[in-house]
There are 2 protein chains.
Amino acid sequence: MLGWDVLSANCPTRQVLTRVGDKWTMLVVTALTASDVLRFSELRRRVEGVTQKMLTQTLRHLERDGLVSRTVYPTVPATVEYRLTDLGRELAATVHVLRRWSYANITQIEAARADFDARAVQ
Amino acid sequence: MLGWDVLSANCPTRQVLTRVGDKWTMLVVTALTASDVLRFSELRRRVEGVTQKMLTQTLRHLERDGLVSRTVYPTVPATVEYRLTDLGRELAATVHVLRRWSYANITQIEAARADFDARAVQ
DNA sequence: CCGTATCCAATGGGATACTG
DNA sequence: CAGTATCCCATTGGATACGG
């Protein structure tokens with residue numbers, strides 16, 4: 001298949017948007033962008049609010065999709081490092097743009113909401 | 001507040017990622033990017049699989065955030081047009097990049113998954 | 001045609017406890 | 001330290017019916 005179309009119900013590219021869209025993916029990618037390599041516990045500290053379960057799940061998904069690589073060192077206790085792959089860094093670049101856009105426009109968005117809600121009361 | 005940080009638990013910019021991340025937002029934005037202006041029923045046909053309820057909800061959220069404008073013509077039955085605002089088009093540009101990236105890399109991602117799953121069986 | 005309202009099933013995701 | 005395994009609640013979102 002050469003021409004993908006995300007608007008088609010069963011286009012596999014929808015899965016990418018689904019993955020990117022789940023609660024912690026973009027935040028984990030953002031944290032990894034800033035630090036090159038991070039251990040599990042560091043990642044957990046940086047992504048405020050994420051639970052151990054969800055961080056593990058998010059990292060597994062990213063690893064499965066080839067976006068993050070996982071390196072285990074046989075120390076006691078175990079040391080595990082996570083970093084973005086080349087493919088992951090490409091995604092990170094997009095996420096970065098979205099994040100910058102959010103920073104630049106969140107004020108305008110909140111103003112729009114306030115305006116919308118004010119009209120709705122009438 | 002000047003320095004936002006999406007990694008902070010209660011940074012309002014997280015809401016942007018939440019909004020972008022819900023199931024139909026990026027698809028609706030994509031459809032609107034391609035067509036400039038669309039009626040509700042046209043939008044519903046283009047975004048395969050979306051239900052009336054979810055399309056309405058997604059459009060309301062986008063409208064509330066100032067990303068989509070809604071125009072009602074007092075015909076019988078009602079005619080309603082949706083289009084991206086200037087702010088919405090900025091978001092659309094980012095979504096567009098993400099979509100292109102998905103098209104370019106979905107094959108590689110699926111290969112990575114197959115590889116990951118094959119190893120997991122061992 | 002373009003919604004709103006309701007009900008309900010499925011999924012997502014948090015809390016907690018336990019292991020190498 | 002870095003997981004895995006449950007349990008369970010909250011939210012998402014689909015199906016259906018109805019209204020302007």
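The sequence lines fix the lettering, A, B, ..., with proteins before strands; numbering per chain opens at 1. Note that the structure is a prediction, hence the values are computed from the model and not measured.
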Legend entry - Phosphate OP1/OP2 of dG3(C): any Y82(B) side-chain N/O under 4.0 Å: yes
Legend entry - Selection: residues 59-72 of chain A, any non-hydrogen atom under 4.0 Å of DNA chain D: R60(A), R70(A)
Legend entry - Close residues, residues 37-45 of chain A, relative to DNA chain D [heavy-atom separation under 4.0 Å]: R39(A), F40(A), S41(A)
Inset, instruction - Using the side-chain hydrogen bond (donor to acceptor under 3.5 Å, both in side chains) rule, take R99(A) and H96(A) through it: C-alpha gap first, then chi angles, then the decisive distance, then the call. - result: CA-CA 5 Å; R99(A) 191 166 54 84; H96(A) 178 75; 3.0 Å; yes
Less than 3.5 Å apart, which donor and acceptor atoms pair up between the side chains of residues 38-55 of chain B and the rest of the protein, not counting sequence neighbours?
| residue | atom | partner | partner atom | Å |
| --- | --- | --- | --- | --- |
| E42(B) | OE1 | R39(B) | N | 2.7 |
| E48(B) | OE1 | A9(A) | N | 2.9 |
| T51(B) | OG1 | M54(B) | N | 3.3 |

Inset, instruction - Just jot down the side-chain hydrogen bond (donor to acceptor under 3.5 Å, both in side chains) partners of D86(B), sequence neighbours excluded, or say none. - result: R89(B)
Inset, instruction - At under 4.0 Å between heavy atoms, which parts of nucleotides 9-20 of chain D does protein reach? Answer with one letter per nucleotide, 5' to 3': B base, S sugar-phosphate only, - none. - result: ----BBB-----
Legend entry - Those residues that, when tested against D22(A), pass side-chain hydrogen bond (donor to acceptor under 3.5 Å, both in side chains) (two or more places apart): R19(A), T25(A)
Legend entry - Sidechain-backbone polar pair: D65(B) side chain, L67(B) backbone, donor-acceptor under 3.5 Å: no
Inset, instruction - Establish, from distance only, whether the side-chain atoms of Q108(A) and R113(A) form a donor-acceptor pair under 3.5 Å. - result: no
Inset, instruction - Determine yes or no for a side-chain-to-main-chain donor-acceptor pair under 3.5 angstrom, with T33(A) supplying the side chain and V29(A) the backbone. - result: yes
Legend entry - Backbone N/O of C11(A) and side chain of S8(A): donor-acceptor pair under 3.5 Å: no
Legend entry - Heavy-atom side-chain proximity of L17(B) to V6(B) below 4.5 angstrom: yes
Inset, instruction - Look only at the side chain of N105(A) and the backbone of W101(A), and say whether a donor-acceptor pair between them is shorter than 3.5 Å. - result: yes
